Structures are given as structure tokens and as C-alpha cells.
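Everything quoted here is computed from the prediction, not taken from an experiment.
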Amino acid sequence: MADDILITSGLTLHYGGSQILNGIDMAARKGEITCVMGTNGVGKTSLLKAISGTHAFSGGSLTLNGEEITSTTAHAMAQKGVGYVPQGRDIFPLLTVRENMETAFACLPKSEHVIPDHIFELFPILKDFLNRRGGDLSGGQQQQLAIARALITKPKLLLLDEPTEGIQPNIIQQIGRVISLLREQAEMAIVLVEQYFSFAYDLGDRFYVLERGAVKMNGAKADLNREELLAGVSV
């Protein structure tokens, strides 16, 4: 469809001799949140790594904004409009909050090397902590910083890997509001990998459930039974 920012077809990925992804067909549309769910070890993080260019996929195809991507690097994918917030956040602990955000400038032309005001509207705490070191932030503050850094790259596709992991409930609610707002702005497609079922279900428009590196269930929220979806990710 015209609004498909991301399409994967038959995507496979290997780590060493092990096949981790087995022919993933998936689409993510502008203005929608696509949730990838499943138990630990089914390939959710590996799928985001393949899409982001962090790990080269070994077969199948990946189309981003109508352009087929055969092989590329994480930096090249970022320049093409993929914002990736990895599990564990990957904040630079010795750099300040400002310096962490400025690392996103590497993907942008020099004329755009500025932190937009809307970043601080989304995450007010970051404005207060601009000169604080990344390693001195709480887990929830680091997660906000990681998402802010990805948004500075002006992504067309935003990949979020377990954004609620190890975070206090009030920050989870704030991150949920930010993700909802980004969807309402309808300027990007969002792919969310999430174990916290209620958080994912409340936000999601479309769901893909993985099992052993393959899609075992998928569909729009309106077409899926909540209990069946919950059972599918709990086995």
C-alpha cells in the first residue's frame, strides 16, 4: 500500500550457524504502531537489528519508502530514515545529555545540527539535565534520552525495542503518551517490540506474533481477539 514505509518479504537472518529469522513477511504503515510480540528468544530483537542495519539479513528483501534495500550499514539506514532505540538504550555514560543527543547529528546535514524544541516538549526532564552525564540518569530518564536521540534524526521509521523494560510506571505512562502523540502526527511508521502486553495492546494498530523466528499470528487490532493474542504471546 502507498502508506507502507517498511515491507519485509521472506526476511531471514543467521547468527553463525543458527537461523534466527525464518522468512518474515511484515509491513509497517505511516501513522500506525506495528507491534512485534512473542516470548523471549523468538527473534524480535533480531528482526529490529536486521531492519536497522545493525545485523545483515541473509535472505529475503527489505523495502523502505519504496526503495529495496539489499545490504547496508546501520549508519546508512539511519541516513535513509530509520531511527532505532535498542534494548538496553546504548546511552554514552560519560557524555552529557546534550552530547548524547548531538551524536544524532551524524545522520543529518550540517544545517540541521540543532536539537529541536519539540524534543524538550516531549521530554521536559532532558532540558533540566542537559549538562548531566548520561550514566547518572535513571533507567527511565535514559530511555527518554534514547528515544529523543532517535527522533532528532527525523526518522520515517522508528524502531523501539522493549521501551518499558526496567522502568518505573510513571515513566512508562509518559513514554506511552509520547508514542501515541507520534502516531497522531502521522509522519512516521512505528515498530514496537514489547513484552508488557497491556502497554503494547493499548498502543498497537497491527500485531505480529513471532514463534521460533517465524510469524505465527498477525493482523489489525480490529481483526484479532484480545484473549487469543494474549495466549499467543504467553505460550
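Counting only distance, with no hydrogens or angles, the side chain of Thr63 and the backbone of Gly66 share no donor-acceptor pair below 3.5 Å. Between the side chain of Glu187 and the backbone N or O of Lys156, no donor-acceptor pair lies under 3.5 Å. A donor-acceptor contact shorter than 3.5 Å is absent between the side chain of Asn100 and the backbone of Arg149. The backbone N or O of Leu122 lies less than 3.5 Å from a partner atom in the side chain of Gln174, making a donor-acceptor pair. In this structure, Asp136 contributes its side chain and Arg132 its backbone to no donor-acceptor pair below 3.5 Å. In this structure, the side chain of Glu99 engages the main chain of Thr96 through a donor-acceptor pair within 3.5 Å.
Across Ala150 and Pro155, no two heavy atoms sit closer than the pair O-CD, 3.4 Å. Across all non-hydrogen atoms, the minimal contact from Met101 to Ala148 is SD-CB, 4.1 Å. Across Ile20 and Gly43, no two heavy atoms sit closer than the pair CG2-CA, 4.3 Å. The two residues Ala28 and Leu157 come nearest to each other via the heavy atoms CB-CD1, 4.4 Å. Nearest heavy-atom pair, Pro163 versus Phe199, reported as atom, atom and distance to 0.1 Å: CG-CE2, 4.4 Å.
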Checking side chain to side chain donor-acceptor pair (under 3.5 Å) for the pair Glu194/Thr164: CA distance, chi angles, key distance, verdict? CA-CA 8 Å; Glu194 184 53 64; Thr164 68; 2.7 Å; yes
Could you go through Glu112 and Lys154, starting from their C-alpha distance and side-chain angles, then the distance that decides it, and tell me whether this counts as salt bridge (charged side-chain N to carboxylate O under 4.0 Å, His left out)? CA-CA 10 Å; Glu112 296 177 22; Lys154 302 180 179 177; 3.0 Å; yes
Evaluation steps, side chain to side chain contact (heavy atoms under 4.5 Å, CB included), between Leu159 and Val82: CA-CA 7 Å; Leu159 309 174; Val82 178; 3.7 Å; yes
Full working for ring-ring contact (aromatic ring centres under 6.0 Å, His included) between His14 and Phe57: CA-CA 7 Å; His14 291 78; Phe57 55 90; over 10 Å; no
Given the rule in the side chain to side chain contact (heavy atoms under 4.5 Å, CB included) test, do Met217 and Leu224 qualify, once you have shown the distances and angles that lead to the verdict? CA-CA 9 Å; Met217 185 188 304; Leu224 293 172; 4.2 Å; yes
Decide side chain to side chain contact (heavy atoms under 4.5 Å, CB included) for Leu203 and Ser180; before the verdict, give the C-alpha distance in whole Å, the side-chain angles of both, and the deciding distance to 0.1 Å. CA-CA 7 Å; Leu203 285 171; Ser180 289; 3.1 Å; yes
Please report the C-alpha distance between Ile175 and Ile167 in whole Å, then the side-chain angles of each, then the deciding distance to 0.1 Å, and finally whether the side chain to side chain contact (heavy atoms under 4.5 Å, CB included) criterion is met. CA-CA 10 Å; Ile175 287 172; Ile167 292 177; 4.2 Å; yes
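Phe207 and Ile33 fall into different hydrophobic clusters, defined by Ile, Leu, Val, Met, Phe, Trp and Tyr side-chain heavy atoms under 4.5 Å apart, directly or through other members. Under the 4.5 Å side-chain heavy-atom criterion for ILVMFWY residues, a single connected hydrophobic cluster contains both Leu130 and Ile147. No path of Ile, Leu, Val, Met, Phe, Trp and Tyr side chains, each step under 4.5 Å between heavy atoms, connects Val85 with Val36, placing them in separate hydrophobic clusters. Note on Ile24: it clusters hydrophobically with Val193, by side-chain heavy-atom contacts below 4.5 Å among ILVMFWY residues. Under a hydrophobic-cluster definition in which Ile, Leu, Val, Met, Phe, Trp and Tyr are linked whenever side-chain heavy atoms come within less than 4.5 Å, directly or via other members, Leu192 and Leu6 are assigned to different clusters.
No side-chain heavy atom of Ser61 sits under 4.5 Å from any side-chain heavy atom of Thr8. At least one side-chain heavy atom of Tyr15 sits under 4.5 Å from a side-chain heavy atom of Leu13. Counting heavy atoms from C-beta on, the side chains of Ile152 and Pro116 come closer than 4.5 Å. Using a 4.5 Å cut-off on side-chain heavy atoms (C-beta onward), Met37 and Tyr208 make no contact. Under the 4.5 Å side-chain criterion, counting only non-hydrogen atoms from C-beta, Leu47 is in contact with Met26. A heavy-atom distance below 4.5 Å is not found between the side chains of Thr12 and Asn22. For the pair Cys35/Lys221, no side-chain contact is recorded, criterion being any heavy-atom separation below 4.5 Å from C-beta on. For the pair Leu182 and Met188, the minimum side-chain heavy-atom distance is below 4.5 Å.
Taking a cutoff of 4.0 Å between a charged side-chain nitrogen and a carboxylate oxygen, Glu67 and Lys80 qualify as a salt bridge. For Asp4 and Arg29, the salt-bridge test passes: some basic side-chain N is under 4.0 Å from an acidic carboxylate O.
If you take CG on Leu210 and CG on Asn218, they are separated by 10.0 Å, rounding to the nearest 0.5 Å. Atom CZ of Arg89 is separated from atom CD of Gln144 by 10.5 Å, given to the nearest 0.5 angstrom. Atom CZ in Arg98 sits 12.5 Å away from atom CG in Leu145 (nearest 0.5 Å). Atom-to-atom distance recorded for Ile172:CD1 and Asn170:CG is 8.5 Å, nearest 0.5 angstrom. How far CG of Leu151 is from CG of Leu158: 6.0 Å, rounded to the nearest 0.5 Å. Within the model, atoms CD of Gln19 and CG of Leu21 stand 8.0 Å from one another, a figure rounded to the nearest 0.5 Å.
Under a cut-off of 6.0 angstrom, the local environment of CG in Asp117 is sparse, with at most 12 non-hydrogen atoms contributed by other residues, nucleotides or ligands.
Sorted by first then second residue, the side chain to side chain donor-acceptor pair (under 3.5 Å) pairs that include residues 196-207, not counting sequence neighbours, are Glu32-Arg206, Arg183-Asp205.
Ring pair Phe105/His113 is parallel by interplanar angle, where below 30° counts as parallel and above 60° as perpendicular.
For the side-chain contact (heavy atoms from CB on, under 4.5 Å) with Gln87, the lone residue among Glu165, Lys49, Lys44 that qualifies is Glu165.
With sequence neighbours left out, the side-chain contact (heavy atoms from CB on, under 4.5 Å) criterion links Asp25 to Ser9.
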